[in-house]
Amino acid sequence: MKKSRKPFLNKYIRFRGRMLLILVIGGIIPFFGATIYMNSKAMNIVQKQNREAQQQELKLMGDFIQQAVPDMYTVSQNIYVSGVLPNMIQKEYTDRTEWQKDEEVQDNLGKYLKFDQYTISDIIVYVNNETIYYYNPFAYLGPSITNEKWYADTCAAGGEPYWCFGVDRAGKQKCIQLCRQILSAQGETLGILAVQMNMELLTNVISEREEDTILLFNDSETIYANYSMDKGQSNALANQLKSRVEFRNSIRYDALEEDKLLTYEKIHPMGTSGYYTIASTQEYSEINEGINRITLISYVVVGVGLFISFVMILLYSTSLSYRLKTLRRQMHLVATGRYEKVRPITGNDEIAEIYQELELMMGDIQELTGSMIEEKVQKEKMHTRQKEVEFKMLASQINPHFLYNTLETIRMKARVNHQPEIEELVKMLAKIMRRNIQVGHQMVSIRSEIELIENYLKIQSFRFGDRIRSTVTVEDNVSMEQEVMPLIIQPFVENAFIHGLEDMTGDGQLTVHVSQNDKDIVIEIIDNGVGMNYYQLAELRHTLSQGEQGQTHIGINNVNQRLIMQYGKEYAVQIESASGKGTKVMIRVPLTRNEED
């Protein structure tokens with residue numbers, strides 16, 4: 001007896017486990033998978049929006065610097081090319097009265113000192129002339145200035161504008177400034193002109209930012225910052241900024257084992273190699289903190305819901321499992337015939353309904369049991385009668401020679417009555433019957449099989465007329481004397497008429513195509529009939545592969561088994577079909593040694 005194959009769940013997991021497995025697969029796993037996916041997407045969106053916001057804010061601060069640069073350059077250029085400063089710096093004033101009397105020089109200088117206070121905070125001329133460095137806009141050019149790096153760089157520029165940073169007059173606030181060396185006619189240094197940017201608005205914006213923000217010169221020297229950092233952090237930030245050639249960007253970097261987001265904007269003033277950088281840093285954990293908090297809350301809420309679902313499923317599955325076990329015990333009692341021990345199962349659920357059906361079945365079994373002996377006796381009597389009928393049928397079979405003679409008589413009668421179609425039809429039928437009876441189990445040639453099929457198709461053409469057209473095509477290279485088993489084509493042709501073409505109203509087509517390759521003779525039976533759907537084709541293939549003998553497909557199953565027994569499993573019949581598109585059957589027969597030679 002063939003063993004049934006139980007599904008994996010039915011074999012290894014009981015009902016309660018299956019219910020919990022459904023909860024895990026259908027609830028917990030999809031939820032956490034979707035939550036992780038949405039959390040990842042949300043983090044990416046938040047990070048992208050944060051980068052864009054940071055870049056926009058830094059761009060606004062950079063635009064302020066870019067707006068101030070032309071004003072500072074214009075003021076510096078006007079003062080420098082006027083030639084007023086060299087004359088004033090080299091002139092000796094004995095007292096303030098003499099300084100005030102020099103109104104022409106002051107008026108000439110004053111018109112260049114009128115600057116836009118929105119962008120420029122101060123103009124300072126550093127000199128060594130003791131008689132004037134007490135008066136605005138002059139200041140003392142002492143060691144506190146000459147020791148600065150920007151002073152040496154300004155002198156190295158040789159009178160060309162040099163962008164750097166310095167300190168305001170009060171010595172409290174670092175300022176972006178444009179410096180130029182003031183030279184005498186002999187090329188000697190008379191002083192330094194410094195035009196300083198108004199830093200109040202810029203520093204206020206930086207101070208009010210929640211993010212760590214810093215203004216740098218050449219990515220290394222701090223002008224202003226709203227936070228403090230140690231030397232290691234400063235070096236890590238400088239290294240990151242110096243390695244970037246883009247004017248603006250947002251990057252992720254490791255600052256002394258801290259994961260940070262760095263956003264920066266670089267401003268390159270005209271005519272100098274120096275540049276300014278506004279940079280903002282954020283902890284990546286702070287950016288994702290809001291999303292993580294919301295995700296945690298959703299995890300808790302859904303987790304509570306899943307726990308409640310788990311408890312409810314556990315209680316329900318336990319109750320249902322108990323009732324199922326009770327029903328199984330009652331069914332076992334019925335199966336073993338111990339009806340007196342069966343106990344009713346109450347309730348209005350499906351288990352109680354199944355028990356009611358079990359009670360009906362138990363009554364039917366009891367009723368049937370009483371008549372089993374009588375039925376068995378009747379079956380034995382019927383079997384005996386059937387054998388007698390079969391014996392009588394065998395005894396009354398017509399002698400084949402008598403059948404041939406009768407068919408020949410009918411054919412001659414048709415000829416005498418001038419009915420050629422009936423004559424031809426009877427002639428072909430006689431050939432088919434004679435050939436099928438004579439061949440037995442001996443091998444026949446391909447030619448003989450083809451002639452049999454042609455005669456069969458002629459008979460069918462008398463029956464169906466133009467409604468079904470049939471053709472037999474044999475390629476020139478086919479060895480017609482190749483021996484094959486008899487009756488391997490006719491069952492499939494007959495099956496094509498009965499199951500594929502017979503119900504069609506017209507345009508039926510049946511083709512038998514015979515070809516030969518290096519190893520095999522290939523026979524294809526193709527029709528455009530009703531075909532088979534996926535399940536019918538699968539059932540037919542299963543029947544052929546298992547060699548099962550049922551009430552249908554007896555002939556083709558017989559051919560398939562004969563081919564396998566004669567030539568091997570690789571020569572089994574191959575069938576392709578689709579509903580409404582017809583059927584294709586392929587039979588392969590190996591060439592014999594002589595034919596290959």
Side-chain angles (χ1 to χ4, degrees), residues 65 68-90 112 115 120-134 136-199 202 214-225 231 234-235 237-239 241-242 266-279:
I65 298 176
V69 165
D71 296 342
M72 296 171 65
Y73 181 81
T74 300
V75 170
S76 170
Q77 188 72 6
N78 290 339
I79 296 175
Y80 190 78
V81 301
S82 67
V84 175
L85 289 178
N87 295 332
M88 293 186 68
I89 293 173
Q90 296 180 76
Y112 298 112
F115 51 82
I120 300 175
S121 62
D122 198 3
I123 298 175
I124 304 175
V125 182
Y126 295 98
V127 296
N128 285 321
N129 188 345
E130 297 180 357
T131 63
I132 64 172
Y133 61 60
Y134 293 106
N136 190 48
F138 299 99
Y140 176 55
L141 184 63
S144 61
I145 302 300
T146 58
N147 291 335
E148 293 289 336
K149 182 179 181 297
W150 65 264
Y151 174 79
D153 293 337
T154 302
C155 293
E160 295 296 324
Y162 177 72
W163 289 92
C164 57
F165 73 96
V167 184
D168 61 8
R169 290 180 184 273
K172 296 180 180 179
Q173 176 66 56
K174 292 182 179 180
C175 302
I176 296 175
Q177 62 184 18
L178 175 60
C179 298
R180 300 185 77 157
Q181 183 185 24
I182 303 174
L183 301 173
S184 64
Q186 293 76 26
E188 297 178 353
T189 302
L190 300 178
I192 300 295
L193 171 63
V195 180
Q196 295 186 336
M197 185 181 295
N198 185 1
M199 301 295 292
L202 189 60
I214 187 170
L215 175 62
L216 299 167
F217 178 67
N218 288 342
D219 292 334
S220 57
E221 300 177 80
T222 302
I223 300 176
Y224 186 79
K231 186 175 181 180
S234 177
N235 292 336
L237 177 62
N239 292 334
L241 291 172
K242 287 181 179 180
K266 293 187 178 183
I267 302 98
H268 292 260
M270 63 187 78
T272 180
S273 60
Y275 59 92
Y276 301 94
T277 303
I278 304 175

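What you are looking at is a predicted structure, and each value in this text was computed from that prediction instead of being measured. Just so you know, these numbers use all the heavy atoms, side chains as well, and skip hydrogens, waters and symmetry mates.
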Smallest separation among heavy atoms of [X] and [Y], with atom names:
X	Y	answer
Met199	Leu215	CE-CD2, 3.6 Å
Trp150	Phe165	CD1-O, 3.4 Å
Gly166	Gln177	N-CD, 3.5 Å
Tyr80	Gly159	OH-CA, 3.6 Å
Tyr162	Asp153	OH-OD2, 3.1 Å
Gly274	Asn218	CA-OD1, 3.3 Å

Spatial distance of atom [atom1] ([X]) from atom [atom2] ([Y]) [nearest 0.5 Å]:
X	Y	atom1	atom2	answer
Leu216	Leu237	CG	CG	6.0 Å
Thr277	His268	OG1	NE2	7.0 Å
Leu193	Thr154	CG	OG1	10.0 Å
Leu202	Ile65	CG	CD1	5.0 Å
Tyr151	Leu141	OH	CG	5.0 Å
Gln181	Cys155	CD	SG	4.5 Å

Single hit among Ile120, Asp122, Ile124, Ile176 for side-chain contact (heavy atoms from CB on, under 4.5 Å) with Val195: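 Checked Ile120, Asp122, Ile124, Ile176 against Val195; only one passes side-chain contact (heavy atoms from CB on, under 4.5 Å): Ile120.
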Assess the residue pair Thr189 and Leu183 against the criterion (side chain to side chain contact (heavy atoms under 4.5 Å, CB included)); give the C-alpha distance rounded to whole Å, side-chain angles, the decisive distance to 0.1 Å, and a yes or no. CA-CA 5 Å; Thr189 302; Leu183 301 173; 4.1 Å; yes
Check: [X] side chain, [Y] main-chain N or O, donor-acceptor pair, under 3.5 Å:
X	Y	answer
Asn128	Leu190	no
Arg180	Glu160	no
Gln90	Pro86	yes
Ser76	Met72	no
Lys266	Asp219	no
Ser121	Met197	yes

pair Tyr126-Thr146: side-chain heavy atoms closer than 4.5 Å: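 No; the side chains remain at least 4.5 Å from each other.
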A side-chain contact here means heavy atoms from C-beta on lying under 4.5 Å apart; do Glu221 and Cys164 qualify?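 Heavy-atom side-chain distance check fails, nothing below 4.5 Å.
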For the pair Asp168 and Lys172, find out whether any cationic side-chain nitrogen is under 4.0 Å from an anionic carboxylate oxygen.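 No salt bridge links Asp168 with Lys172.
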The test is side chain to side chain contact (heavy atoms under 4.5 Å, CB included); show your working for Val75 and Ile79 and say whether it passes. CA-CA 6 Å; Val75 170; Ile79 296 175; 3.9 Å; yes
Parallel, tilted or perpendicular: which one describes the rings of Phe217 and Tyr276, with boundaries at 30° and 60°?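 The arrangement is tilted - the two ring planes meet at 30° to 60°.
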